[in-house]
Number of protein chains: 2
Amino acid sequence: MNILSYGLLGLLAREPRSGYDLTQYIKPFWPAKHSQIYPLLGKMEHDGYLTFDLIRQSDKPDKKIYTITSKGIEELKRWIDEPTSDPVNRDEMMLKAYSIWLTDPEKAIRLFEEREKMHAERAVYYESLLVKLKEDDQGEQRYLSPGVPTFSRYILLTKALTDSKNAVEWCQWVLSMLKKG
Amino acid sequence: MNILSYGLLGLLAREPRSGYDLTQYIKPFWPAKHSQIYPLLGKMEHDGYLTFDLIRQSDKPDKKIYTITSKGIEELKRWIDEPTSDPVNRDEMMLKAYSIWLTDPEKAIRLFEEREKMHAERAVYYESLLVKLKEDDQGEQRYLSPGVPTFSRYILLTKALTDSKNAVEWCQWVLSMLKKG
DNA sequence: ACTAACATGTAAGTAGTTACATGATTGG
DNA sequence: CCAATCATGTAACTACTTACATGTTAGT
């Protein structure tokens, strides 16, 4: 049970999903490829944290729908009280920014403009997910109450959105200095 | 030559340093343990990107001071123009936040207060580094000119500081909702 | 015709962590 | 006396990525 496996349990605690679905949903919060996730799900099933049902499909490939067990729920609750490891942020861009003084300003400008675009696109994406969340809520603002799963999703999406916006602003700030010279 | 090795080259492009020093300086921007860095430095030296001088010390253990070669500088410049990989952010706290609805509010509050404190401490630390940078500059504001190494350090520290502050604010925002209930 | 989405899996490799190993000096 | 800082290294392990492997359907 590594950290990723708790992330997967957290998704399955809301509703049963396939490995394929889990790979998509976990991505913004804990990047991982399907080649890491599929074997891990097998191990978690073997250890009794999950069960699965094989769903035969004619139009699309067959799939395994994983469901969390009560043992899985207990393990998830236990984990929340354990010490939390430090965040790990690795961004090649930051290392390039550290050496940007070695290169010519045009190249530096191109680099930061690219990144600004990337983060702006992410911001749009997270914004759209937040809009969807609020639409599903139908004006009842249930997502503002801790204790419902939507609350957790709401605060995470908000964090992802502000992080993206801040990254865009930082790029713009650096660009303004690069263009002044 | 993995991404970390370019980070190390970037530090050595400013001034020669020991592996021990590099381990400290790289940490905020690319977490890595000495057990990863020492063998990597050996490989980079073997490949001609670095040289080292063995400094014998009587009070402290001997050390190796690494210096970047012209081949190293060229490689560093070449890397900046290459495609940049996506940032990787993995924070166990985010996964816990996603499952926080399963636990009681007091535990949730404790979790977020701890994190708020951690990020606040980081903010103080980065603030102090920025203050030091500006003191060393002696009011000449050279760090605002792209093309000097201090500019790169300035923009990175500013990013690290605002990221920490934003994380503190997010924790406080979540806490305000958790306390309302 | 080709590209993307759906769907799961394994094999081989790289990157990163934890633990082991050593040892002097300084400060509380 | 104990912990921290300085200083470098290896061994064993875990985590993660890239590449290989297969196959259908829907849209451009």
Side-chain angles (χ1 to χ4, degrees), chain A residues 1-8 11-12 16-47 50 52-66 83-92 95, chain B residues 1-9 11-12 16-47 50-66 83-92 95:
Chain A
M1 293 293 286
N2 52 23
I3 299 177
L4 171 58
S5 53
Y6 290 105
L8 298 174
L11 282 163
L12 293 173
R17 288 174 209 269
S18 67
Y20 185 87
D21 285 343
L22 289 166
T23 306
Q24 320 297 314
Y25 282 102
I26 199 77
K27 202 167 52 178
F29 309 115
W30 196 277
K33 313 286 175 181
H34 74 272
S35 54
Q36 190 185 7
I37 290 174
Y38 288 130
L40 191 56
L41 288 170
K43 202 180 160 284
M44 289 164 75
E45 188 267 336
H46 173 266
D47 294 345
L50 307 176
F52 71 85
D53 294 289
L54 186 65
I55 307 295
R56 298 194 185 279
Q57 299 181 115
S58 48
D59 53 333
K60 288 186 251 176
D62 296 350
K63 61 180 172 179
K64 288 179 179 175
I65 298 293
Y66 286 93
T84 309
S85 58
D86 284 350
V88 171
N89 297 312
R90 289 194 179 96
D91 188 350
E92 187 175 17
L95 299 185
Chain B
M1 292 295 285
N2 52 22
I3 299 177
L4 171 58
S5 54
Y6 290 105
L8 298 173
L9 281 185
L11 282 163
L12 293 172
R17 289 174 210 266
S18 67
Y20 185 87
D21 286 342
L22 289 166
T23 305
Q24 320 297 313
Y25 282 102
I26 199 79
K27 203 167 51 178
F29 309 116
W30 196 276
K33 314 285 177 184
H34 74 274
S35 54
Q36 190 185 7
I37 290 174
Y38 288 130
L40 191 56
L41 288 170
K43 203 182 158 281
M44 288 164 76
E45 187 266 337
H46 173 265
D47 294 343
L50 309 175
T51 58
F52 71 85
D53 295 290
L54 185 66
I55 307 295
R56 298 194 184 280
Q57 298 182 118
S58 46
D59 52 334
K60 288 186 254 175
D62 296 349
K63 61 179 172 180
K64 288 179 178 174
I65 299 293
Y66 286 93
T84 309
S85 58
D86 284 351
V88 172
N89 297 314
R90 289 194 181 98
D91 189 350
E92 188 175 16
L95 299 185

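Per chain, numbering begins at 1; letters A, B, ... match sequence-line order. All values derive from a computational prediction rather than experimental measurement.
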- Query: Starting at CD1 of B/Ile26 and ending at C1' of C/dA15, how long is that distance when rounded to a whole Å?
  - Reply: 15 Å
- Give a yes or no on this: more than 12 heavy atoms of other residues, nucleotides or ligands lie within 6.0 Å of atom OH of A/Tyr25. no
- Message: If I take atom CG from residue B/Asp59 and atom CD from residue B/Gln57, how far apart are they, to the nearest 0.5 angstrom?
- Response: 6.0 Å
- Task: Considering just the side-chain nitrogens and oxygens of B/Tyr20, establish if one lies under 4.0 Å of OP1 or OP2 belonging to D/dC6.
- Result: yes
- In whole angstroms, how far is the P atom of D/dT17 from the OH atom of A/Tyr38? 15 Å
- From the list D/dC16, C/dT18, D/dT17, which nucleotide is the closest neighbour of the side chain of A/Leu4? D/dC16
- Message: For D/dC16 and A/Gln36 - does any side-chain N or O of the residue sit under 4.0 Å from the phosphate oxygens OP1/OP2?
- Response: yes
- Has the side chain of A/Ser35 got a donor or acceptor that lies under 3.5 Å from a partner of the other kind on the base of D/dT18? yes
- Message: Of the listed nucleotides (D/dC16, C/dT8, C/dT17), which one gets closest to any side-chain atom of A/Asn2?
- Response: D/dC16
- Query: Just how far, in rounded Å, is P of D/dT8 from NZ of B/Lys33?
  - Reply: 18 Å
- Phosphate-side-chain proximity, A/Arg90 and C/dG16, N/O vs OP1/OP2 below 4.0 Å: yes
- Item | Closest-nucleotide 5' rank along DNA chain D - winner of A/His34 and B/His34 | B/His34
- Item | Distance in angstrom units between A/Leu22 CG and C/dA7 C1', rounded | 13 Å
- In whole angstrom, what separates A/Met1's CE from D/dA15's C1'? 15 Å
- Message: Rounded to whole Å, how long is the line connecting atom OH of A/Tyr25 with atom C1' of C/dC6?
- Response: 14 Å
- B/Met44 atom CE is separated from D/dG9 atom C1', nearest whole Å, by 18 Å
- Message: Using a strict heavy-atom distance below 4.0 Å, which residues from residues 52-65 of chain B are in contact with DNA chain C?
- Response: B/Asp59, B/Pro61
- With a 4.5 Å heavy-atom cut-off, do B/Leu11 and B/Asp21 have their side chains touching? no
- Just how far, in rounded Å, is P of C/dA7 from CD1 of A/Ile37? 15 Å
- When rounded to the nearest 0.5 Å, the distance separating CD1 of A/Ile55 from NZ of A/Lys60 is 12.0 Å
- Query: To the nearest 0.5 Å, how far apart are CG in B/Asn2 and CD in A/Glu92?
  - Reply: 10.0 Å
- Query: Looking at CD of B/Glu45 and OG1 of B/Thr51, how far apart are the two atoms once the value is rounded to the nearest 0.5 Å?
  - Reply: 7.5 Å
- Message: When you compare the side chain of A/Met44 with that of A/Met1, does any pair of heavy atoms fall below 4.5 Å?
- Response: yes
- Message: Check the phosphate of C/dG16 against B/Trp30, side-chain N and O only, distance under 4.0 Å to OP1 or OP2. Yes or no?
- Response: yes
